[in-house]
K.L.:
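Following this message is one structure expressed as structure tokens.
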Amino acid sequence: MKHRIVVLGAGYAGATAAGRLAKRLHRDDVEITLVSADADFVERVRMHQLAAGQELRQRPLRELFAGTGVRVVNELVTAVDVDAKIVQLADAEPLAYDSLVYALGSTGATDVPGVVEHAHSVAGKQAALRLRARLDTLAPGATVLIVGGGLTAIEAATEIAEAHPDLAVTIVARGGVGDWLHEKAQRHLRTVFDRLGITVRTDTDVTRVTENGVITGAATELDADVTVWTAGFTVHPIAAATGLTVSDTGRIVVDITMRSVSHPEVYAAGDAAQAPGPDGRPLRMSCAAGTPMAWRAADALAARLTGGTAPEDPIGYAAQCISLGRRDAVFQRVSFADEPTSTVLTGRLGARVKEFICAGAAWGVGHPTVLMPTRRRRIVALDAREDRLAAR
Ligand SMILES: Cc1cc2nc3c(=O)[nH]c(=O)nc-3n(C[C@H](O)[C@H](O)[C@H](O)COP(=O)(O)OP(=O)(O)OC[C@H]3O[C@@H](n4cnc5c(N)ncnc54)[C@H](O)[C@@H]3O)c2cc1C
């Protein structure tokens, strides 16, 4: 019987892991199934572009994986039984697995009262489309409040301000906005916010979202026609309900090989996994970390199934890229431990680099097997694997 590998989620992490496993393992030995609620590969890093009114390229998963040996199942995952090794699906028979790669990603945080009822989001495709429809109904001069001071807030605010110059866009952040970046990059951000007419309110803690805007910690009301919540991401509760060891934020705790610390046949990658980063801090939720996590999960699982050794070198960072509308961006080189360096590209050059990186990430998912030589190894029977490892 073939070894059944089920990969949950076809975002940057899941799709990458599935493609890489197909390249590493012999087709006669494994059955790889990729489960996704969405029939397309969704470029989540472009959701602010979708919200601002741009059309994104469709990438049907069945076409991307045609001929790779990966079976795509377009279904909603509702639960995972890690003892029975079964994945429950909303509208299909349960899927049994021998190895599982969990990569269901994340969604927008909703921990502040009123966010669910009144705030918009750019965390996923449906949310971005709802925001886009709402923005299109606004009269000139209407206010859009973006809550958050991180990368998503900056990208959403600048994209919306550029696409809708008649709207009044404000960023409200608990601390600073982009204040982790090098001073050069921060200076550039301020110039761009001025150019696009974006108002920035720092050190403002939003404690509630209402129909008409937000209420801050100082009990001040800030009016808005549309509030967009970008202050953090959270993971689906499915992981915590499985019995796998999860962090206090519900992410599956994995070791440096992306293997669950509680269930060795389960791997996790991307936003849904909490993996050790280069300085001991968990790798942050990002495409930048999610893709190498997926490579690692696939390589480690393939190595263990074929009697090899799983790679254990640390995963780190190289750069952060923040789009500032379509003609500007910040490319911030960072150290392996994610500390900003003085290498900063901005303006059109920054925008070209950012676009190259986004397009490259999607291309990598769509061509999972191009850049890597095919080495489809045979699976070694469990007892033979153990003998081989013991002999090392
Ligand atoms: C607007 C925006 C801009 C961003 N910009 C950047 C950036 O510039 N750089 C960067 O590094 N990161 C960026 N990020 C973060 C990045 O998009 C995420 O970290 C990344 O998408 C995580 O990849 P993932 O594969 O773990 O999850 P996702 O990409 O979210 O993929 C999850 C997959 O799981 C599927 N899924 C979820 N639930 C279920 C279910 N119950 N059943 C079946 N399938 C399910 C989804 O359909 C999807 O296929 C940005 C995020 C946003 C929202």
Side-chain angles (χ1 to χ4, degrees), residues 47-49 51-52 108-123 127-128 130-132 134-135 137-234 284-285 320 322-325 328-330 332 340 344 346:
M47 288 303 103
H48 54 297
Q49 294 175 235
T110 52
D111 45 347
V112 167
V115 168
V116 175
E117 299 85 345
H118 303 298
H120 283 269
S121 159
V122 289
R130 274 194 299 276
L131 172 58
R132 169 194 181 122
R134 177 77 179 110
L135 291 174
T137 65
L138 295 179
T143 53
V144 179
L145 209 64
I146 313 278
V147 184
L151 175 149
T152 312
I154 297 168
E155 293 198 326
T158 49
E159 202 76 45
I160 292 170
E162 184 180 86
H164 297 272
D166 52 344
L167 301 179
V169 177
T170 297
I171 301 181
V172 182
R174 176 181 282 162
V177 175
D179 55 358
W180 71 93
L181 297 165
H182 188 271
E183 176 49 31
K184 271 193 231 174
Q186 292 194 42
R187 241 189 343 261
H188 186 70
L189 281 188
R190 288 193 287 272
T191 312
V192 173
F193 292 154
D194 280 352
R195 171 167 60 77
L196 293 172
I198 297 170
T199 306
V200 177
R201 292 181 74 118
T202 54
D203 303 313
T204 307
D205 197 12
V206 172
T207 53
R208 177 176 291 275
V209 181
T210 68
E211 215 175 328
N212 304 316
V214 300
I215 298 177
T216 72
T220 310
E221 287 181 32
L222 301 177
D223 288 344
D225 295 288
V226 172
T227 300
V228 185
W229 195 263
T230 65
F233 294 110
T234 185
R284 68 182 153 81
M285 287 186 184
Q320 293 185 22
I322 307 176
S323 69
L324 305 171
D328 208 333
V330 164
Q332 166 74 76
V344 173
T346 58

K.L.:
Do Ile198 and Thr170 have side chains that get closer than 4.5 Å, going by heavy atoms?
P.N.:
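They are not in contact (no side-chain heavy atoms under 4.5 Å apart), so the answer is no.
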K.L.:
Please name all residues satisfying salt bridge (charged side-chain N to carboxylate O under 4.0 Å, His left out) with Arg134, sequence neighbours left out, ordered by chain then number.
P.N.:
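Scan of Arg134 (salt bridge (charged side-chain N to carboxylate O under 4.0 Å, His left out), adjacent residues dropped) gives none.
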K.L.:
Pick out which of His188, Glu155, Glu159 makes a side chain to side chain contact (heavy atoms under 4.5 Å, CB included) with Leu324.
P.N.:
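Passing option: His188.
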K.L.:
Walk me through it: do Val144 and Leu135 pass the test side chain to side chain contact (heavy atoms under 4.5 Å, CB included)?
P.N.:
CA-CA 9 Å; Val144 179; Leu135 291 174; 3.9 Å; yes
K.L.:
As a test of understanding, state which of Leu189, Val330, Val344 forms a side chain to side chain contact (heavy atoms under 4.5 Å, CB included) with Lys184.
P.N.:
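Answer to the side chain to side chain contact (heavy atoms under 4.5 Å, CB included) test with Lys184 among Leu189, Val330, Val344: Val344.
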K.L.:
How close do Trp180 and Ile322 get, heavy atom to heavy atom, and via which atoms?
P.N.:
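It is CZ2-CD1, 4.1 Å.
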K.L.:
Would you say that Leu222 contacts Leu145 through its side chain, given a criterion of any heavy-atom pair below 4.5 Å between the two side chains?
P.N.:
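SC-SC contact between Leu222 and Leu145 confirmed.
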K.L.:
Output all residues satisfying side-chain hydrogen bond (donor to acceptor under 3.5 Å, both in side chains) with His120, sequence neighbours left out; order by chain, then residue number.
P.N.:
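Testing His120 for side-chain hydrogen bond (donor to acceptor under 3.5 Å, both in side chains), a comparison that skips the adjacent residues, returns none.
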K.L.:
Could you give me the CA-CA distance, side-chain angles and deciding distance for Ile146 and Ile160, then say whether side chain to side chain contact (heavy atoms under 4.5 Å, CB included) is met?
P.N.:
CA-CA 10 Å; Ile146 313 278; Ile160 292 170; 4.1 Å; yes
K.L.:
Mark yes when over 12 heavy atoms from residues, nucleotides or ligands other than Arg284 sit less than 6.0 Å from its CZ; otherwise mark no.
P.N.:
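Atom CZ in Arg284 is crowded, with more than 12 foreign heavy atoms closer than 6.0 Å.
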K.L.:
Distance-only check: which donor-acceptor pairs under 3.5 Å involve side-chain atoms of residues 224-231, not counting sequence neighbours?
P.N.:
residue: Asp225; atom: OD2; partner: Thr143; partner atom: N; Å: 2.8
residue: Asp225; atom: OD2; partner: Thr143; partner atom: OG1; Å: 3.3
residue: Thr230; atom: OG1; partner: Val147; partner atom: O; Å: 2.7

K.L.:
What I want to check is whether the side chains of His48 and Ser323 have a donor and an acceptor closer together than 3.5 Å.
P.N.:
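A pair is found: one side chain offers a donor N or O, the other an acceptor, under 3.5 Å apart.
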K.L.:
Is the number of heavy atoms from other residues, nucleotides or ligands within 6.0 Å of CD (Glu117) greater than 12?
P.N.:
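Yes, because the 6.0 Å sphere around CD of Glu117 holds more than 12 heavy atoms from other groups.
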